[in-house]
Amino acid sequence: PGTLTVGELAAKLHKDSSEIIKKLMFLGVMATKNEQLSKETIELLGEEFGVEVEEEVYVDELDIEHYVEEDDDKEEHLQERPPVVTIMGHVDHGKTTLLDSIRHTKVTEGEAGGITQHIGAYQVEENGKKITFLDTPGHAAFTTMRARGAQVTDITILVVAADDGVMPQTVEAINHAKAAEVPIIVAVNKMDKENANPDRVMQELSEHNLLPEAWGGDTIFVNVSAVKNEGIDELLEMILLVAEVEELKANPDKRGRGTVVEAELDKGRGPVATLLVQSGTMKVGDPIVVGNTFGRIRAMVNDVGRRVKTAGPSTPVEITGLNDVPQAGDQFVIFEDEKKARQIGEARGVRARDEERSQTNKVSLDDLFDQI
Ligand code: GTP
Ligand code: MG
């Protein structure tokens with residue numbers, strides 16, 4: 001893709017091959033009819049003939065992965081990055097309360113004004129190291145993202161209420177995390193309750209192959225009380241410990257790429273998307289392709305509502321400047337060239353709409369059969 005022979009170009013320009021060959025000679029290039037022309041030469045010839053040459057977009061070029069700068073970074077380019085953590089667990093076991101407790105004890109410190117804006121993902125600091133939390137703890141969100149090929153989580157916190165023990169959604173969460181090969185840290189919550197029974201939780205989780213370290217296994221258990229803010233520091237320390245073992249690294253010195261955490265249409269600001277950068281760095285002003293849309297980053301806001309100019313690996317930011325609203329789990333890639341970003345974004349949009357249409361057609365065909 002991307003190149004043509006003299007003959008092919010002649011056909012496209014509705015010229016005779018000899019005319020092209022003459023022009024090439026004039027440009028100091030000796031060529032035959034079957035000569036492959038470089039992209040630059042084709043553009044040059046286009047100019048000579050007064051035609052604007054637009055590169056054709058091939059299907060594999062619509063694959064966002066096509067534009068991801070190779071991840072075969074040399075060790076010296078890799079830098080430690082914060083772990084990305086998701087909290088899962090059964091209904092009412094205290095996921096939201098635990099997240100709130102972590103955020104309030106850790107984020108507001110030193111942040112005048114506190115949280116002015118909620119962006120669906122945030123960072124806290126423990127012992128001078130950052131931890132990124134994805135505030136989309138629902139299993140559904142986790143599954144959707146994974147189903148769409150987006151692996152964003154490095155560590156899962158499994159919340160189990162000490163007074164309730166392992167429940168159906170606890171098991172579901174374990175299965176999700178295991179399928180994604182994400183390490184699990186167990187937070188035994190509601191330890192302040194009179195009927196708290198952490199031993200029972202350990203017993204029940206052991207039956208699901210999560211054997212506590214205290215019993216010779218390798219799963220970390222931390223007893224916490226989200227309402228009393230107890231055990232939070234220890235939990236954060238354990239997250240950092242696991243992160244260290246995982247050796248989470250990324251190259252910040254290349255074009256950013258990552259995943260959409262959430263997105264919506266804001267009345268005043270237009271499409272707004274919370275993005276998690278997974279490698280590289282993105283900057284205000286960068287052209288970007290996100291899912292089936294594109295744009296140019298107009299503004300970036302971090303998890304505490306501050307405007308920022310750049311965002312590196314494991315950083316969540318909210319951006320504006322997109323042409324349309326992407327979906328959670330969509331991949332994004334920063335482009336160098338705005339024209340290219342537009343071309344790819346538009347082509348992806350067209351393809352997505354075509355696919356949708358053909359699917360609608362299929363459905364109506366099925367309906368037809370139903371009626372027969
Ligand atoms: P869903 O989002 O519905 O799945 O629930 P959740 O897991 O987010 O639980 P949530 O944080 O909403 O807590 C459920 C209830 O448990 C609330 O009434 C909390 O106040 C209470 N709760 C959470 N953590 C603790 C705790 O450490 N101790 C006690 N005593 N209650 C807690
Ligand atoms: Mg909740």
Side-chain angles (χ1 to χ4, degrees), residues 57 59-69 84 86 117-122 132 134-138 140-153 255-303 308 310-357 359-360:
V57 179
V59 173
D60 68 325
E61 291 188 24
L62 290 188
D63 186 352
I64 265 191
E65 289 298 320
H66 194 88
Y67 298 94
V68 171
E69 281 187 87
V84 178
T86 312
Q117 205 165 353
H118 171 74
I119 72 162
Y122 58 91
T132 303
L134 284 192
D135 200 1
T136 47
F142 192 85
T143 313
T144 319
M145 283 206 190
R146 239 171 41 76
R148 312 194 58 219
Q151 172 98 33
V152 289
T153 310
R255 285 184 282 121
R257 64 156 206 93
T259 302
V260 177
V261 175
E262 59 182 23
E264 59 171 20
L265 187 64
D266 183 279
K267 263 189 195 159
R269 295 181 298 160
V272 174
T274 299
L275 308 182
L276 177 74
V277 183
Q278 292 177 277
S279 68
T281 296
M282 60 181 189
K283 305 183 293 295
V284 169
D286 277 348
I288 187 171
V289 171
V290 187
N292 296 318
T293 186
F294 66 97
R296 189 185 178 92
I297 302 174
R298 197 190 314 139
M300 289 203 285
V301 173
N302 70 8
D303 59 329
V308 289
T310 67
S314 296
T315 309
V317 278
E318 188 189 77
I319 69 153
T320 52
L322 298 179
N323 274 41
D324 203 351
V325 183
Q327 284 178 283
D330 275 349
Q331 304 286 106
F332 74 83
V333 177
I334 294 297
F335 276 65
E336 236 152 60
D337 177 6
E338 191 172 3
K339 206 170 131 197
K340 189 83 185 171
R342 167 182 290 274
Q343 193 187 16
I344 302 299
E346 277 175 351
R348 285 177 62 87
V350 168
R351 184 179 65 173
R353 282 188 290 278
D354 280 352
E355 272 168 16
E356 206 172 293
R357 208 169 298 134
Q359 241 144 49
T360 331

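Along the sequence shown, the residues carry numbers beginning at 1.
Asp337 pairs by the salt bridge (charged side-chain N to carboxylate O under 4.0 Å, His left out) definition with nothing, not counting sequence neighbours. Shown here are the side chain to side chain contact (heavy atoms under 4.5 Å, CB included) partners of Val277, two or more places apart in sequence or in another chain: Met282, Ala311, Phe332. Residues meeting the salt bridge (charged side-chain N to carboxylate O under 4.0 Å, His left out) test with Arg348, sequence neighbours left out: none. Among residues two or more places apart in sequence or in another chain, the side-chain hydrogen bond (donor to acceptor under 3.5 Å, both in side chains) test is passed with Ser314 by Arg81. The side chain to side chain contact (heavy atoms under 4.5 Å, CB included) test applied to Glu264 returns no partner, not counting sequence neighbours. Here Arg342 pairs with Glu346 under the side-chain hydrogen bond (donor to acceptor under 3.5 Å, both in side chains) rule; sequence neighbours left out. Under the salt bridge (charged side-chain N to carboxylate O under 4.0 Å, His left out) criterion, Asp266 pairs with Arg269, sequence neighbours left out. Taking the side chain to side chain contact (heavy atoms under 4.5 Å, CB included) definition, one finds that Val284 meets it with Met300, sequence neighbours left out.
Listed here is the closest heavy atom pair of Asn323 and Pro271: C-CG, 4.0 Å. When all heavy atoms of Pro313 and Gln278 are compared, the pair lying nearest together is CB-O, 4.1 Å.
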Note to self: Quick one, Lys339 with Gln343, criterion side-chain contact (heavy atoms from CB on, under 4.5 Å). Give me CA distance, side-chain angles, the key distance, then yes/no.
What the structure shows: CA-CA 6 Å; Lys339 206 170 131 197; Gln343 193 187 16; over 6 Å; no
Check: Would Asn302 and Thr315 count as a side-chain contact (heavy atoms from CB on, under 4.5 Å) if you check the C-alpha gap in whole Å, the side-chain angles of each, and the deciding distance to 0.1 Å?
Finding: CA-CA 8 Å; Asn302 70 8; Thr315 309; 5.8 Å; no
Checklist line | Gln327 and Val260: CA distance, side-chain angles, deciding distance, side-chain contact (heavy atoms from CB on, under 4.5 Å) verdict | finding: CA-CA 7 Å; Gln327 284 178 283; Val260 177; over 6 Å; no
Identify all side-chain donor-acceptor contacts of residues 286-299 below 3.5 Å with residues at least two apart in sequence or on another chain.
{"unit_1": "Asp286", "atom_1": "OD2", "unit_2": "Lys283", "atom_2": "N", "d": "2.8"}
{"unit_1": "Thr293", "atom_1": "OG1", "unit_2": "Asp324", "atom_2": "N", "d": "3.2"}
{"unit_1": "Arg296", "atom_1": "NE", "unit_2": "Gly285", "atom_2": "O", "d": "3.3"}
{"unit_1": "Arg296", "atom_1": "NH1", "unit_2": "Glu338", "atom_2": "OE1", "d": "2.4"}
{"unit_1": "Arg296", "atom_1": "NH2", "unit_2": "Gly285", "atom_2": "O", "d": "3.4"}

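Separating the OG1 atom in Thr259 from the CG atom in Leu134 is a distance of 9.5 Å, to the nearest 0.5 Å. To the nearest 0.5 Å, atoms CZ (Arg257) and CG (Leu276) are separated by 10.0 Å.
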